[in-house]
Asks: 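Following this message is one structure expressed as structure tokens.
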Amino acid sequence: MANKKTTKKNYTKKKTNSNGQTKKKYTSNKKANTNQVKKANTKKTQSNLSNEELLNNILTEKKIKLVAKEKVKTIYNYENEQHYVDLKKQQAEKAKIELEKKKKQERLEKERQIRRQKEIELAAAEQKKLKEEQERLKKEKEELEKTAEIISIFELQPNKKQTKKKKVIVKRNKKKKKLKKEIERLIAWIIVIIVGLGILFGLLKITTKVKEIIPSNNITLKSNVEDIEKAKLEEEYNNCLTRKSDEKDETEEVLNAKEELTSYIQNNYKASVAYEDLTTGFNYTYNASENYYAASAIKALDALYIYEKASTGEINLDETITYTAKYKWDSSKEMSKKSYGEKVSLRDLVKYAVTVSDNTAHQMLISYIGKSTLKEYAKSLGATSTLIGGDNFGQINVSDAIIYMKAINEFINNNEELGSELKSYFVEAELNGLELEDLGIKAAHKYGEYSPYFHDYGIVYAENPYVVAILTTEYKGDHLAKVQDISKKIYELHELYQENRKNICNEEVYN
């Protein structure tokens, strides 16, 4: 029994073992399968999630790019629209100008046609009048001829008695005429004799008076001769003062003054200086070969070009330029008060560029003239460094500055109305370093400044006017006072030369 139980137990154990094993195997396989499925699912979900994220990222990137593109497009479209609007405005203005020109031409053509029509009508009326007049004269002639024929038919022959009477009257008239002529001749002779006697009497009186007058006349003649001699000497003296400078003028005193001025500038300033007497041509230069950035100094050339062309009729000073954004520039006192689309005359632009050194006005004038045109114009005057460089200001040296100012002085002297107008701009111009206020001496000038540069050049209206150019790299500190100091030194040299010339002329003329 015990064996049976044991066998049974073993059997059952085995069974259970076998079942358990099989069960375990099945369950473990099942578990492995479920785990694999789970892992696969998680991988799928992860891959799905990563794909979605990628898609989302790609979509967001695309959206960002599209938004950026749209922004760029809108900015570009706005700029294009703005440009298009500007173009349209320009086209509209051009079309308006063209239409006005066309209308003007049509109006002129109509006026010409009306004039021609009137002329034709007047000519026709004149011809009609002439024909009428000719016909009237013809009729009158015919009537006169008829009356002449009638008179010739009915005219009576004169009597013999009447002819005799007429002959007697004619003879009497002839005798009367002869007698009248003889009387007239006699009267004429009497008048001649009386006049002759009067002349003789007058001559006698004159001779007695002449004898009395001769001594006093000698005195007046002497004084007249002296006056003539004085006038001649004075003329010689004035001619001597105005003659061109030569070696005689380079006295030791003048040469020493030049040397002192050179050493003074050299020791105190970084500058180039040029001076020239406008009457005699006496001159002085220091560091003349140095080129500087011109800055606003170039604006004097703009003004000269515009006014010279206006004097020849090539330019109308009332012609206007439309102010747009492309011309806008810093340091524009007058043009900053204007708004875009406003029209400004050439006359005002020159005034602004010279008096307050307006940079926007300068840009508009350069655009109107043309950079290459202004450059060629300066070359024609003899300048060498005009508008060298990348901008609209270029370079300048003292030789070119003197050339510009001599040309401006010549224009002012040769053009009464426009010359005085241009002169007023240069005299009124701000930051005047050449004016000698304490001596009451005015100067027409143009300055230029852009750190480290400060320049001033112009015409000084002393008793004997002269031109001077002072170009510096002395922008730091009181740059205007530095230029004024050099200007005073130049004036002292000028006055010394004038005194020296007077002494030379005194010796030459009055010995």
Side-chain angles (χ1 to χ4, degrees), residues 291-310 315 317 321 323 327-336 338 344-378 381 383 385-398 400-409 411-412 418-419 421-434 443-451 453-459 467-472 475 479-480 483:
N291 270 4
Y292 296 79
Y293 182 62
S296 294
I298 195 67
K299 292 166 189 172
L301 192 63
D302 299 351
L304 175 62
Y305 179 88
I306 293 289
Y307 267 71
E308 195 167 285
K309 294 294 174 188
I315 283 175
L317 289 171
I321 300 171
Y323 174 41
Y327 297 124
K328 192 179 178 182
W329 204 273
D330 292 337
S331 300
S332 300
K333 283 185 184 177
E334 289 296 334
M335 286 306 297
S336 60
K338 308 282 180 187
V344 189
S345 69
L346 291 172
R347 179 181 269 108
D348 284 343
L349 288 172
V350 169
K351 187 180 180 180
Y352 301 158
V354 175
T355 54
V356 295
S357 204
D358 195 294
N359 284 327
T360 300
H362 170 62
Q363 297 301 324
M364 290 171 81
L365 288 169
I366 284 279
S367 175
Y368 177 83
I369 297 162
K371 192 175 176 180
S372 57
T373 305
L374 195 64
K375 207 169 182 178
E376 285 302 312
Y377 175 68
L381 296 174
S385 301
T386 308
L387 292 171
I388 292 171
D391 61 12
N392 290 336
F393 296 92
Q395 294 186 358
I396 195 169
N397 55 50
V398 286
D400 286 359
I402 291 291
I403 285 165
Y404 299 158
M405 272 304 152
K406 281 173 80 175
I408 288 165
N409 181 65
F411 180 84
I412 288 166
L418 291 177
E421 191 175 296
L422 188 63
K423 182 184 174 181
S424 70
Y425 298 158
F426 283 106
V427 171
E428 290 164 20
E430 61 186 8
L431 293 177
N432 198 330
L434 307 180
H445 83 116
K446 182 71 197 82
Y447 80 93
E449 66 174 10
Y450 184 80
S451 182
Y453 305 100
F454 184 75
H455 319 307
D456 204 359
Y457 69 115
I459 308 153
V467 286
V468 63
I470 302 164
L471 311 180
T472 78
Y475 187 75
H479 43 268
L480 185 63
V483 166

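Atom set for the values below is all heavy atoms of this structure, side chains included, hydrogens, waters and symmetry mates excluded. Note that this is a predicted model, so its numbers are computed, not measured.
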Asks: Mark yes or no for whether Y450, through its side chain, and A294, through its backbone, hold a donor-acceptor pair below 3.5 Å.
Replies: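 Pair absent, no side-chain N/O of Y450 close to backbone of A294.
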Asks: Would you say the side chains of S357 and K299 form a donor-acceptor pair under 3.5 Å?
Replies: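 Side chains of S357 and K299: pair found under 3.5 Å.
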Asks: Working note: E430 + K333, criterion salt bridge (charged side-chain N to carboxylate O under 4.0 Å, His left out); need CA distance, chi angles, decisive distance, verdict.
Replies: CA-CA 12 Å; E430 61 186 8; K333 283 185 184 177; 2.9 Å; yes
Asks: Walk me through whether Y453 and Y475 qualify under ring pair (Phe, Tyr, Trp, His ring centres under 6.0 Å).
Replies: CA-CA 5 Å; Y453 305 100; Y475 187 75; 9.4 Å; no
Asks: Report the C-alpha separation of Y447 and H455 in whole Å, then their side-chain angles, then the decisive distance to 0.1 Å, and conclude whether the ring pair (Phe, Tyr, Trp, His ring centres under 6.0 Å) test is met.
Replies: CA-CA 5 Å; Y447 80 93; H455 319 307; 9.9 Å; no
Asks: Pairing donors with acceptors under 3.5 angstrom, does anything connect the side chains of N392 and H362?
Replies: no
Asks: Keeping S367 on the side-chain end and Q363 on the backbone end, is there a donor-acceptor pair under 3.5 Å?
Replies: no
Asks: What residues, two or more places apart in sequence or in another chain, satisfy side-chain hydrogen bond (donor to acceptor under 3.5 Å, both in side chains) together with Y352?
Replies: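 Y352 satisfies side-chain hydrogen bond (donor to acceptor under 3.5 Å, both in side chains) with no other residue.
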Asks: Using 30° and 60° as the class boundaries, would you call the ring planes of F411 and Y307 parallel, tilted or perpendicular?
Replies: perpendicular
Asks: Examine distances only and state if a side-chain atom of T386 and a backbone atom of K375 form a donor-acceptor pair shorter than 3.5 Å.
Replies: no
Asks: With distance as the sole criterion, is a donor-acceptor pair present between the side chains of Y368 and Y305 under 3.5 Å?
Replies: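 Y368 vs Y305: no donor-acceptor pair found between side chains.
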Asks: Just how far is it from atom CD1 of I366 to atom OG1 of T373, taken to the nearest 0.5 Å?
Replies: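 Atom-to-atom, I366:CD1 and T373:OG1 are 9.5 Å apart.
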Asks: Parallel, tilted or perpendicular, judged at 30° and 60°: which one describes the rings of F393 and W329?
Replies: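 Rings of F393 and W329: tilted, as their planes differ by 30° to 60°.
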Asks: Counting N and O atoms only, with roles assigned by atom type, does the side chain of H445 sit under 3.5 Å from a partner on the main chain of A429, one being a donor and the other an acceptor?
Replies: yes
Asks: Does N359 reach the main-chain N or O of D330 with its side chain, forming a donor-acceptor pair under 3.5 Å?
Replies: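 Checked: pair present.
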